[in-house]
Amino acid sequence: MTSLTAGIGDKYELVVGLEVHAQLSTLSKVFSSDSAAFGAGPNEHISAISLGHPGTLPKLNKRAVEYAVKMGLACNCTINLRNTFARKNYFYADLPKGYQITQDHQPICLGGSVLVRLADHTKNIAIHHIHLEEDAGKSMHDQHHADSLIDLNRAGVPLIEIVTEPDMRSSEEAVQFLTEIRKLVRYLDVCDGNMEEGSLRCDANISVRLKGQTTYGNRCEVKNLNSIRNVHRAIEHEFERQVNIIENGGHIDQNTLNFNADTGETSVLRSKEMANDYRYFPEPDLTPLALNQEYINRVLSTMPVLPNALYDKYTTALGLSDYDAGVITADKDFALYFEELIAATDNYKAAANWLMGPIKSHLNDSGTPISDFKLKPGTLAGLIKLVDSGKVNNTVASHKLFPELIKNSHKTAAELAAELNLLISADTNDVSRFIQDAIAKYPDKVVEYQKGKKGVLGLFMGEIMKSSKGKIDPQKTNQLLIKELEAR
Ligand code: ADP
Ligand code: MG
């Protein structure tokens, strides 16, 4: 693929709409009691229902409904109080019934929007609807030399499909939208959000148009993107490809495309002429699903605080920066830890700094998830208090006390600081002695200071820190040092 000649891309606007499938983390399947767990041996989680035997009847999983409603509420959708199921008919080896049960005209959630934050703007991406459906089985074409193998464990596992309006105008907006969806399903605990394992999958609909044009161009749909990075790559590739075709006088055919992660290119899977006619019709074996406001309120009352609400709280009530709030809310367990931490200290900025600095590097280095982090938020709050009250200096706290606390997580920061002799000595005589020694060691630097070279203060402070083993209050010492130097 040749890249666009400079400037040509600027004439065009990218238009993207996403269809995101999320596998709901229920224990059993959506229409049967088969286990929905991942990782069993082939065809261990099947029954007459998932095999589509004649005479079997589907029965709707309550929990799947609850999870879909939760996601709908989190995306500001209207919950459809009377929603219905439909059969989507097609033939495929991993679909033994010959149809998929899904929702067509009356999906469970309607409308809605998701707020995404980008470097230079925020934007509400409109949701068209969210519907419930069952997943198909899995065909494997590379396990046997002659035959394709079929595993029906996944057949009947509950999915929600989140369909957006064609609202995104850059690959970054699409990436942020998907990141936000993954964050939401994880906060809500309705899906593990793991794209590599296929729990979260994305189809990207992509078109281009001349800037200023009000109608949309023909779109192509890139199927089954299995990472956020590939969503980005596929969109960028399609933008260039489509613009190049139009610039060369060509026409965009409305095709379904595959994305090749090795080459970064798309290829035609189905053309519009071969488009499926699914012959949707109402599912006769399931009655319409009737919900009421009382049920919705009950679901609402079980929902956790969502990342956007936390973000707003952190940037307003707590006075943290957008960056800090973004990093802390990106991961649910991280945010939960921070919530406990700020319940135990009111130095919010210090709390954020500890979390994003020493704690994050420790977790990264040791490959520990924060949910397994030994240090309780209350202990860390004690450490922050020691620093704030001038009993331990910041460098000693992060480089000496913090690693020791992790090893001795049953002790308090104050206990351990005393035990390890890391408390700042309150004795001013000691501090003066360290200052005198440092000054005596570098007489020429004293002269430099007096000539106006204030930078040498750093050298003196370094020396004092070293000889005192950090057991001094740096601010007070700095003042004393200046006084001493100016008095000479
Ligand atoms: P279908 O029912 O054939 O899948 P829809 O009209 O429901 O088609 O749209 C499916 C997805 O395609 C939605 O996410 C929508 O936002 C997106 N979409 C529709 N038209 C365009 C377009 N011209 N460019 C980009 N995306 C589009
Ligand atoms: Mg579609």
Side-chain angles (χ1 to χ4, degrees), residues 1-5 8-23 114 116 118-119 123 125-128 135-136 138 141 159-185 191 193-211 216-248 250-272 274-276:
M1 178 102 239
T2 52
S3 65
L4 290 172
T5 316
I8 288 185
D10 296 341
K11 282 167 56 186
Y12 292 86
E13 180 174 60
L14 171 72
V15 174
V16 177
L18 297 180
E19 296 166 274
V20 184
H21 287 91
Q23 209 175 78
V114 170
V116 297
L118 291 109
K123 182 168 174 177
I125 307 293
I127 306 284
H128 182 270
D135 209 345
K138 210 169 172 176
H141 308 294
L159 299 176
I160 46 172
E161 181 173 337
I162 303 148
V163 182
T164 76
E165 296 289 356
D167 263 6
M168 286 152 275
R169 294 290 176 271
S170 67
S171 52
E172 287 74 27
E173 288 185 0
V175 161
Q176 280 315 309
F177 174 81
L178 200 54
T179 305
E180 210 52 45
I181 291 292
R182 188 174 62 181
K183 222 189 280 178
L184 284 177
V185 296
C191 164
N194 194 330
M195 291 196 77
E196 287 66 36
E197 282 172 13
S199 315
L200 198 65
R201 313 193 278 270
C202 180
D203 303 337
N205 296 273
I206 302 153
S207 65
V208 299
R209 61 179 174 186
L210 282 171
K211 280 187 181 159
Y216 291 129
N218 274 351
R219 69 180 148 114
C220 286
E221 179 175 1
V222 188
K223 282 283 180 195
N224 279 326
L225 294 162
N226 64 356
S227 71
I228 290 185
R229 179 166 169 261
N230 284 346
V231 170
H232 185 263
R233 293 168 74 203
I235 293 172
E236 288 294 313
H237 173 78
E238 269 305 293
F239 180 71
E240 271 191 21
R241 188 186 71 86
Q242 294 183 19
V243 168
N244 270 323
I245 290 176
I246 295 170
E247 279 291 308
N248 290 314
H251 171 85
I252 304 298
D253 295 320
Q254 195 162 318
N255 289 334
T256 301
L257 309 176
N258 244 337
F259 177 71
N260 181 333
D262 294 329
T263 61
E265 295 185 359
T266 54
S267 58
V268 177
L269 190 70
R270 298 191 282 274
S271 70
K272 198 191 174 192
M274 290 163 62
N276 286 309

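Count residues from 1 along the sequence.
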Specify the closest pair of heavy atoms between Gly198 and Gln23, including all atoms of both residues, with the distance to one decimal. O-NE2, 4.3 Å
Rounded to the nearest 0.5 Å, how far apart are CG of Leu210 and CD1 of Ile246? 7.5 Å
Is the side chain of Asn230 donor-acceptor paired with the backbone N or O of Asn226 at a distance under 3.5 Å, no angle test? no
Nearest heavy-atom approach of Thr263 to Arg233 is C-NH2, 4.3 Å
Going from SG on Cys191 to CG on Leu184, what distance comes out if it is rounded to the nearest 0.5 angstrom? 11.5 Å
Can you confirm whether more than 12 heavy atoms, excluding those of Lys123, are under 6.0 Å from its NZ atom? yes
Pair Glu238 + Arg241: basic N to acidic O under 4.0 Å: yes
Using only atom types and a distance under 3.5 Å, with no angle test, would you say the side chain of Asn205 pairs donor to acceptor with the backbone of Val16? no
Kindly compute the distance separating SG (Cys202) from NZ (Lys223), expressed to the nearest 0.5 Å. 10.5 Å
Separation of Leu257 CG from Asn260 CG (nearest 0.5 Å): 12.5 Å
Stepwise, does the side-chain contact (heavy atoms from CB on, under 4.5 Å) test hold for Phe177 with Val20? CA-CA 10 Å; Phe177 174 81; Val20 184; 4.2 Å; yes
Output for pair (Thr266 OG1, Gln242 CD), nearest 0.5 Å, gives 8.5 Å
Which heavy-atom pair separates Gly193 from Arg182 by the least distance, and what is that distance? O-CD, 3.2 Å
For the atom pair CG (Leu14) and CE (Met168), what is the distance rounded to the nearest 0.5 Å? 10.0 Å
Run the side-chain contact (heavy atoms from CB on, under 4.5 Å) test on Thr179 and Gln176 for me, step by step, so that the C-alpha distance in whole Å, both residues' side-chain angles and the decisive distance to 0.1 Å come before the verdict. CA-CA 5 Å; Thr179 305; Gln176 280 315 309; 4.3 Å; yes
For Leu225 against Ala234, the heavy-atom pair lying closest together: CD2-CB, 3.9 Å
At their closest point, which heavy atom of His232 faces which heavy atom of Val175, and how far apart are they? CB-CG2, 3.7 Å
Distance-minimising heavy-atom pair for Phe259 and Val222: CB-CG1, 3.7 Å
Step through the shown structure and confirm whether more than 12 heavy atoms of other residues, nucleotides or ligands are within 6.0 Å of CZ on Arg229. no
Using the rule given for side-chain contact (heavy atoms from CB on, under 4.5 Å), can you reason through Val208 versus Phe239, listing the C-alpha separation, both sets of side-chain angles and the distance that settles it, and then say yes or no? CA-CA 7 Å; Val208 299; Phe239 180 71; 3.4 Å; yes
Hits for side chain to side chain donor-acceptor pair (under 3.5 Å) against Arg209, two or more places apart or cross-chain, chain-then-number order -> Glu13
Take Leu159 and Arg201 through the side-chain contact (heavy atoms from CB on, under 4.5 Å) test and state the conclusion after the steps. CA-CA 10 Å; Leu159 299 176; Arg201 313 193 278 270; 3.8 Å; yes
List for me each residue that meets side-chain contact (heavy atoms from CB on, under 4.5 Å) alongside Ser170, sequence neighbours excluded, and say none if there are none. Glu172, Glu173
Residues in side chain to side chain donor-acceptor pair (under 3.5 Å) with Lys11, at least two apart? Glu247
Taking atom types as modelled and ignoring hydrogens, do the side chains of His21 and Glu161 form a donor-acceptor contact shorter than 3.5 angstrom? yes
Donor-acceptor check, side chain of Asn218 to backbone of Ile252, threshold 3.5 angstrom: yes or no? yes
Is the side chain of Thr164 donor-acceptor paired with the backbone N or O of Leu18 at a distance under 3.5 Å, no angle test? yes
